[in-house]
Structure formats: C-alpha cells, structure tokens
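Right, one structure below, let's go through it.
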2 protein chains.
Amino acid sequence: MADDSPQNERISEAEQAVMEALWARSPLTANEVADAVAPARGWTLATVKTLLSRLVAKQAVETAPDGKRFLYSPRVARVDFATGESKRLVDRLFGGSAAGLFAHLAEAEALSDKDLNQIEALLKELRK
Amino acid sequence: MADDSPQNERISEAEQAVMEALWARSPLTANEVADAVAPARGWTLATVKTLLSRLVAKQAVETAPDGKRFLYSPRVARVDFATGESKRLVDRLFGGSAAGLFAHLAEAEALSDKDLNQIEALLKELRK
DNA sequence: CCTTCATGTTTACATCCGTAGTCGATTACG
DNA sequence: CGTAATCGACTACGGATGTAAACATGAAGG
C-alpha cells in the first residue's frame, strides 16, 4: 500500500514560488512556469525544472503528458497548504491558540486599522 | 563594520527548542538546557551543545563565563522571534494581510469558540 | 535523413539542518 | 600530584535545499 495521498512532504520556500505559479494558473508547461517565476527570482530554466521534479516527487504536483512534454498541475490546494503552514505556526509559537497569535500581532502593532476592521467584520459574520 | 545586531540569521526548529528553554529561564548552563529539552526530543547532550554553539554563532544566544563553563542567555526576545515568524507567514501566504490570515483560519474551521471569544474581547479592548 | 531544438532526467555541489562522536583543556577529587 | 570527570571546540555525516549544468531522447525542420 503505497502512500497515494498528496503532500506528506514539506514544501520549501523556493518550491512554494513554483507552486504559486501553478496555483495562479494551471496546467502549465515547465517553460511557462519558468516564465512566470524565474525572472523575479533570478532563476534559470534548469532551476525551475529541478524544483518541478522535486515537487512531483513530493506528490505536490502532478503531470499529464502532452505530446513530447508535460503539463504540470498542483495536487495540493493552496488553501490546504496555507492551513498547514498557519497551524504549524500557531502550534509552534502560540501553543495552538489562534487567539494567542492574534493577541501577539496586536501587541506588536502588526495589525493595521484595515486589518482590525476586516477582522471585526469577519467576527460579526461568524456570529450569525 | 561588524554586524553587532542580534538575529539576522534564521533560527531553525531544533534550535527553537533550545531557545524555549532559555526563554523559560536563563542564564542556564549547557547541562541545564539539556536537562530541559533533551528528554522530550530524545537528544543527547552533544546535540544540545551543537545547537547552542550554532545559536551563539547566529548571535541569538550570548554566553557569560562562569568559571570553567558558560552560562547561556537569549539575545533575542521570544516576542521578537514570534513577531518575525508571524510576519513571515503573513507575507508569504496572505500578501501581508493579517486579516487574510484570520479569514483563512476561520474558513478552515481552525478557530475555536474560545478563540473567537478571546479575539472579540481583544478587539473591544483595542477599540478603546 | 541528419542536425538542431526542446524537454525531461541525472548528476553536481555548496550550504543548512539534525544528530552526534571525539579532542583538548581544565577542574576537581582521591 | 596524578587521574578522572567536565565542558567547550572541532569534526562528521546523511538528508534537505538552492541553484544549476550535462545528458539523453524524441520531435521538427531543412
């Protein structure tokens, strides 16, 4: 019984940049991914290809043959990735308490008025 | 022009465990740190010593000689570490919007009722 | 058909991280 | 005074990560 479920492996920061391109639009060829991310990060095509391979190995990305080449698509949703990373942070730093994170950000003046308003609105929404 | 300011370097997960011990109580000897963290992580004393050295090299920890040995103390406050990591997450995943993070946690059902109540109370507090 | 281009695969290599053993010096105990 | 225990420094080593070149193979064009 192989591990067929996606994403037990961790996605690194460089890899995330590649994922972002695929989350924004997919499927894409390796070249299209490179066009999307390489300039901003100063990468060569070779680097992008390596990252794509690793993501495929990690089952975070899947490939579909398209003639000679591959089309790449995300296997993990951005939402799930974001949830995982967020929870990890909350666990590691705030003992699992999301409110702890919020209190911390407030204390650190890391919340803009806009943030506060949006959070307040969100709370009101949740209360319904 | 040396870099005398603390913590430009990143603190890894294992290193954070050591920092937690020092944040909880300091200064501590290497042995005391080991007693605090090694059992829970299944580490040997050698491992803790290595992590301490790296933290000293990263200027996240400072030493004070105490006879033959050293007393270790944090040079970076836990609050600052938490702020840095939190901001990094918000930037990397939510385009810098803390409200985006909260919206996300709400959507992912990662907010308990307790969290919601506490956040609400905090908001009220901040509004004063 | 043969050469060239595109594209995935393999290999490379420096650095970081997790984990730990060994060495050398110093202190403390018998 | 000499030997054992202590403690920091140095060394080690496999895996992950960042970054990229070399290679193989198949397609496309002349």
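Bear in mind the structure is a predicted one, so any value in this text is a computation, not a measurement. These values consider heavy atoms only, across backbone and side chains, with no hydrogens, waters or symmetry-generated copies. Letters A, B, ... mirror the listed sequences (proteins, then strands); counts begin at 1.
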For atom [atom1] of [X] and atom [atom2] of [N], their distance in whole Å:
X: A/R10; N: C/dG18; atom1: CZ; atom2: P; result: 11 Å
X: B/D66; N: D/dG8; atom1: CG; atom2: C1'; result: 14 Å
X: B/L51; N: C/dC16; atom1: CG; atom2: P; result: 15 Å
X: B/R69; N: D/dA9; atom1: CZ; atom2: P; result: 15 Å
X: A/E9; N: D/dA16; atom1: CD; atom2: C1'; result: 10 Å
X: A/E15; N: D/dG18; atom1: CD; atom2: P; result: 6 Å
X: A/F70; N: C/dG8; atom1: CZ; atom2: P; result: 7 Å
X: B/L71; N: D/dT6; atom1: CG; atom2: P; result: 17 Å

Give a yes/no on whether any side-chain N or O of A/S53 is located under 4.0 angstrom from OP1 or OP2 of C/dT10.
no
Any side-chain N or O of A/K49 below 4.0 angstrom from OP1/OP2 of D/dA22?
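Indeed not, no polar side-chain atom of A/K49 lies that close.
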For the pair B/F102 and A/F102, name the ring-plane relationship: parallel under 30°, tilted 30 to 60°, perpendicular over 60°.
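B/F102 and A/F102: perpendicular rings.
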Without swapping roles, check the side chain of [X] against the backbone of [Y] for a donor-acceptor pair under 3.5 Å.
X: A/W23; Y: A/V18; result: no
X: B/K58; Y: B/R10; result: yes
X: B/E32; Y: B/T29; result: yes
X: B/Q118; Y: A/A98; result: no

May I ask you to say whether B/R54 pairs ionically with B/E9, meaning some side-chain N is under 4.0 Å from a carboxylate O?
no
Among B/L28, B/L22, B/T47, B/T63, which one satisfies side-chain contact (heavy atoms from CB on, under 4.5 Å) with B/L52?
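Option passing the side-chain contact (heavy atoms from CB on, under 4.5 Å) with B/L52: B/L22.
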My understanding is that only one of B/L71, B/V33, B/D66, B/V61 makes a side-chain contact (heavy atoms from CB on, under 4.5 Å) with B/P27; could you say which?
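When side-chain contact (heavy atoms from CB on, under 4.5 Å) is applied between B/P27 and each of B/L71, B/V33, B/D66, B/V61, only B/L71 qualifies.
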Protein-nucleotides 11-13 of chain C N/O pairs under 3.5 Å:
none

Of all of residues 27-47 of chain B, which get a heavy atom below 4.0 angstrom from DNA chain C, listed by number?
B/G42, B/W43, B/T44, B/A46, B/T47
Classify the side chain of B/K68 and the base of D/dT6 as holding, or not holding, a donor-acceptor pair under 3.5 Å.
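For B/K68, whose side chain was compared with the base of D/dT6, there is a donor-acceptor pair (under 3.5 Å).
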Any side-chain heavy-atom pair from B/T50 and B/W43 closer than 4.5 angstrom?
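Side chain of B/T50 against side chain of B/W43, heavy atoms only: no contact under 4.5 Å found.
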